[in-house]
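We use all heavy atoms of the structure for the numbers below, so side chains are in, but hydrogens, waters and symmetry mates are not.
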Amino acid sequence: MDEKQRIEQLRQELHEHNHRYYVLNQPTIDDQEFDRLMRELQDLEAKHPELYDPNSPTQRVGSDLNQEFRQVAHKYPMLSLANTYSEQEVAEWYESVKKGLGGDDFDVCCEMKYDGLSISLTYENGRLIRAVTRGDGVQGDDVTENVKTIRSIPLVLTGNAYPQEFEIRGEILMPWVVFERLNAEREAAEEPLFANPRNAASGTLKSQKSELVASRQLDAYLYYLLGEELPSDGHYENLQAAASWGFKISQGMRKVKTLQEIYDFIRYWDTERKNLPVATDGIVLKVNSQRQQRALGFTAKSPRWAIAYKFKAERACTRLNEVTYQVGRTGAVTPVANMDPVQLAGTTVKRATLNNEDFIRSFDLHIGDYVYVEKGGEIIPKIVGVDLDQRPIIAQPVQFITHCPECGAKLVRYEGEAAHYCPNDAGCPPQIKGRIEHFISRKAMNIMSLGPETVDEYWSRGIIHNVADLYDLTVAQITGGNKNRRLSAENVVNGIKHSTQVPFERVVFALGIRFVGETSARLLARHFKTMDALMNASMEELQEVEGIGEVIAKSVQSYFRHPQNMEIINRLRQYGVQMSLSEEQIQGVTDKLAGKSIVISGVFAKHSRDEYKMMIEQHGGKNVGSISGKTSFILAGENMGPSKLQKAEKLGIPIVSEEEFLQMIES
């Protein structure tokens, strides 16, 4: 056997061993033998670079080189499912399916609802060619190189009965045991803990280094097959076929006919799911026949042929030992309950948010109380009650703090606000770091080469103190003499430089002015058009902007009165950050939709929903979320929801198509 043949043989063997270990859980060789075969293949591939294969088992180790994710459009939109929390609503869905199919018999496929990161995998000729995240449902990030490191995802399929081209969707998950170990390591290193396995999996898969992804031991369960030449009309049958090609499919999946069988499945897994190695938060029910799925169709947001039943939150009782306080980027102070550790929905819970002072008083919380804790949506722990019978006689009421735990400033509570705030926004470290993290975020300045951990490192090293300092950073400062960091440092500097092209309205949002969100920033930017005009606006002028009330207006004026903030803005101006709307934007602003309240519904072909929302605002209109007698018209795309259509007809609200709307604003 020559070396080329040996390479092919080793690749085939290692793919098979990967499948047996990570999917079937039936290894036939030990780790030492697997490593020996892998080393042999690595050595042979190094000798024969001309035989490089992107789907070789050796590619699963990942790379330590940074990579940028490109956006890829989904061939089929990735819609979300409608949620239900009661068996009665499941029965209503079942009856609606029966009615929609005209009384025809149908099967329902019952599956686990895995709590991970949605992924779409495309295969051609039995080989993985692309992996894309859900994104906004229309397009997502190409994470193919990172997904290749997940050993339960086949790079090359087994057998030959698969379609020439198809897509399979599923969830990327971090097993509980890996999640617990990772958080233990982060706690020992005094790093922020991941809130739950889904966040950990998402953060891992979006890492710029596939080597890190490989080390995190992610898993994947696949649950939906799409394509032109699928083996069967049945969803259940297609997934069984996919399992034979090498995919990891849930073993708990079941095909049923009756409502009682659905209830039995739900009740069984409501308890048994706690023994699974990965996080789940419910059950998914799908009409099994794809022909019947097509007949039932879609609403604007979700398929009519599927529904998700969410499990009720798990509850536990434990002792409250202490209340500590965290300061966010806006200065909001959040009390946190520190409790005796308790197992809840698969994780050890020691902390829970207490929201604000009113929340604490509503439970009359005392130190030493035994409190009931739930996980909202199986994710965020929260206190939902107190066992007063177990309250110790010497227990003292929780007293909300009066001064900032970080900088010592006296806290304030604004009228109409439930939270207390630290007013020292220019000198309180968590606020400053939080504003830098907000400034670099995707919806603000979009400096994706930076992240919270990097910001914290730069802050600790003293090379940044505010957002303007970012634009002074040099490669030498970032590397600190470490040549191995040069490439990533260049990416950071280039990313910061590129951010000077971000539009003015996002710059206003990026400043992090208290109470000024993405929508408020856009309204202010388009009304005042320049930073100078916004800075010098009076209270009356600010409140003339629709959607800007007294609280936001006061906050805007307070921000621009602070000398340090003005210094930052002047520096940003010098660095070339956009301080006004572009000529193109200014020329595009009209009052063609002035005074009109518009509802957007359906799926559009020429622009995204967000783009249509921007057009409406650009031409003086107002976006509203629900239909009422005050609605001027509905901008309707394909698959407009039947309930909205019925309400519009009842109220006599005009329906405007995508083409009609574009003609309206272009005329």
Scanning both residues in full, the closest heavy-atom pair of Gly427 with Cys407 reads O-CB, 4.4 Å

side-chain contact (heavy atoms from CB on, under 4.5 Å) filter on Arg216, not counting sequence neighbours, yields Met174, Leu182, Arg186, Phe194, Thr204, Leu212

- request: For atom CZ of Arg361, decide whether the heavy atoms of other residues, nucleotides or ligands shown that lie under 6.0 angstrom number more than 12.
  value: no

Backbone N or O of Ile447 within a donor-acceptor pair of the Ser499 side chain at under 3.5 Å?
no

*asked:* Are Leu470 and Ile440 packed together at the side-chain level, in the sense that at least one heavy-atom pair is separated by less than 4.5 angstrom?
replied: yes

Flag the pair Arg351 / Thr324 as yes when at least one side-chain heavy-atom distance between them is below 4.5 Å, and no otherwise.
yes

Tell me if the NZ atom of Lys613 is crowded by more than 12 foreign heavy atoms within 6.0 Å. no

Note to self: Using a 3.5 Å distance criterion without hydrogens, assess whether the side chain of Asn146 forms a donor-acceptor pair with backbone atoms of Leu205.
What the structure shows: yes

Hits for side-chain hydrogen bond (donor to acceptor under 3.5 Å, both in side chains) against Asp358, two or more places apart or cross-chain, chain-then-number order -> Arg413

Interatomic distance, CD1@Ile172 vs CG@Leu218, rounded to 0.5 Å, equals 7.0 Å

### Query
Does the side chain of Glu171 come within less than 4.5 Å of Lys113's, by heavy atoms?
no

To the nearest 0.5 Å, atom CG of Asn355 lies from atom CD of Glu357 at 13.0 Å

When you measure from the side chain of Arg461 to the backbone of Gln477, do you find a donor-acceptor pair of N or O atoms at a distance under 3.5 Å?
yes

side-chain hydrogen bond (donor to acceptor under 3.5 Å, both in side chains) filter on Tyr612, not counting sequence neighbours, yields Glu658

Across all chains, not counting sequence neighbours, the side-chain contact (heavy atoms from CB on, under 4.5 Å) partners of Ser460 are Asp456

Review point. Gln578 and Thr500: side-chain donor and acceptor closer than 3.5 Å?
Key: no

Output for pair (Leu173 CG, Asp219 CG), nearest 0.5 Å, gives 6.5 Å

(Q) Donor-acceptor check, side chain of Thr479 to backbone of Val475, threshold 3.5 angstrom: yes or no? (A) yes

* Asked: So do Arg435 and Asp425 actually touch side chain to side chain, heavy atoms under 4.5 Å?
  -> yes

| Does the Glu437 side chain pair with the main chain of Arg329, one donor and one acceptor, at a distance under 3.5 Å? | no

Sorted by chain and residue number, the ring pair (Phe, Tyr, Trp, His ring centres under 6.0 Å) partners of Tyr221 (sequence neighbours excluded) come out as Tyr114

Of all heavy-atom pairs linking Ala553 and Ile548, the shortest is N-CG2, 4.2 Å

Mind checking whether Phe515 and Ser520 have side chains closer than 4.5 Å, heavy atoms only? no

Sorted by chain and residue number, the salt bridge (Lys or Arg N to Asp or Glu O under 4.0 Å) partners of Glu617 (sequence neighbours excluded) come out as Arg522, Arg526

Phe439 meets the ring pair (Phe, Tyr, Trp, His ring centres under 6.0 Å) criterion, sequence neighbours left out, with none

Residues passing the side-chain contact (heavy atoms from CB on, under 4.5 Å) test with Val132, sequence neighbours excluded, are Val72, His74, Arg130

What one should report as the nearest heavy-atom pair of Asp115 and Arg198 is OD1-NE, 2.9 Å

Exercise. Check for a donor-acceptor pair, side chain of Thr330 on one end and backbone N or O of Arg514 on the other, with a separation under 3.5 Å.
Key: no

Kindly indicate whether the side chain of Tyr414, heavy atoms from C-beta on, has any atom under 4.5 Å from the side chain of Val551. no

Close side-chain approach of Trp459 and Pro429, heavy atoms under 4.5 Å:
yes

For the side chain of Ser441 and the backbone of His438, is there at least one donor-acceptor N/O pair under 3.5 Å apart?
-> yes

CZ of Phe504 to CG of Leu581, rounded to nearest 0.5 Å, is 6.5 Å

Margin query: Test side-chain hydrogen bond (donor to acceptor under 3.5 Å, both in side chains) on Thr144 and Asp142; report intermediate values, then the result.
Written below: CA-CA 6 Å; Thr144 309; Asp142 186 332; 2.5 Å; yes

* Asked: When you look at Met448 and Asn446, which way does the side chain to side chain contact (heavy atoms under 4.5 Å, CB included) test go after all the steps?
  -> CA-CA 6 Å; Met448 300 311 292; Asn446 195 29; 3.1 Å; yes

Closest non-hydrogen atoms of Ala537 and Glu541, given as atom of the first, atom of the second and distance, are CA-OE1, 3.3 Å

Residue set satisfying side-chain hydrogen bond (donor to acceptor under 3.5 Å, both in side chains) with Asp472, at least two apart, ordered chain then number -> Arg571, Tyr575

For this session: Would you check if the side chain of Arg573 reaches a backbone N or O of Met579 as a donor-acceptor pair within less than 3.5 Å?
Result: no

To the nearest 0.5 Å, atom CZ of Phe509 lies from atom CG of Leu524 at 12.5 Å

query = Step by step, would you call Ile496 with Val492 a side chain to side chain contact (heavy atoms under 4.5 Å, CB included)?
reply = CA-CA 6 Å; Ile496 294 169; Val492 168; 3.8 Å; yes

Do side-chain atoms of His420 reach the backbone of Cys404 as a donor and acceptor pair under 3.5 angstrom?
no

Rounding to 0.5 Å, atoms OH (Tyr471) and NZ (Lys497) come to a distance of 13.0 Å

With a 4.5 Å heavy-atom cut-off, do Val507 and Met445 have their side chains touching? yes

Contacts satisfying side chain to side chain donor-acceptor pair (under 3.5 Å) that involve residues 560-570 (not counting sequence neighbours) are Gln557-Arg561

Note to self: I'd like to know if the side chain of Arg506 reaches the main chain of Ala444, judged simply by a donor and an acceptor atom lying under 3.5 Å from each other, with no hydrogens or angles considered.
What the structure shows: yes

With sequence neighbours left out, the residues meeting side-chain hydrogen bond (donor to acceptor under 3.5 Å, both in side chains) with His403 are none

Could you walk me through whether Tyr559 and Val516 pass the side chain to side chain contact (heavy atoms under 4.5 Å, CB included) test, one step at a time?
CA-CA 11 Å; Tyr559 179 89; Val516 176; over 6 Å; no

| task | Indicate whether the side chain of Asn494 and that of Ser449 have a donor and an acceptor atom separated by less than 3.5 Å. | result | no

Between Thr318 and Asp340 the two heavy atoms that sit nearest each other are OG1-O, 2.8 Å

The side-chain contact (heavy atoms from CB on, under 4.5 Å) partners of Thr334 (sequence neighbours excluded) come to Thr353

For Leu121 and Ala131 the tightest heavy-atom approach is CD2-CB, 3.6 Å

Show your working on side chain to side chain contact (heavy atoms under 4.5 Å, CB included) between Thr519 and Asn623 and close with a plain yes or no.
CA-CA 10 Å; Thr519 301; Asn623 289 292; over 6 Å; no

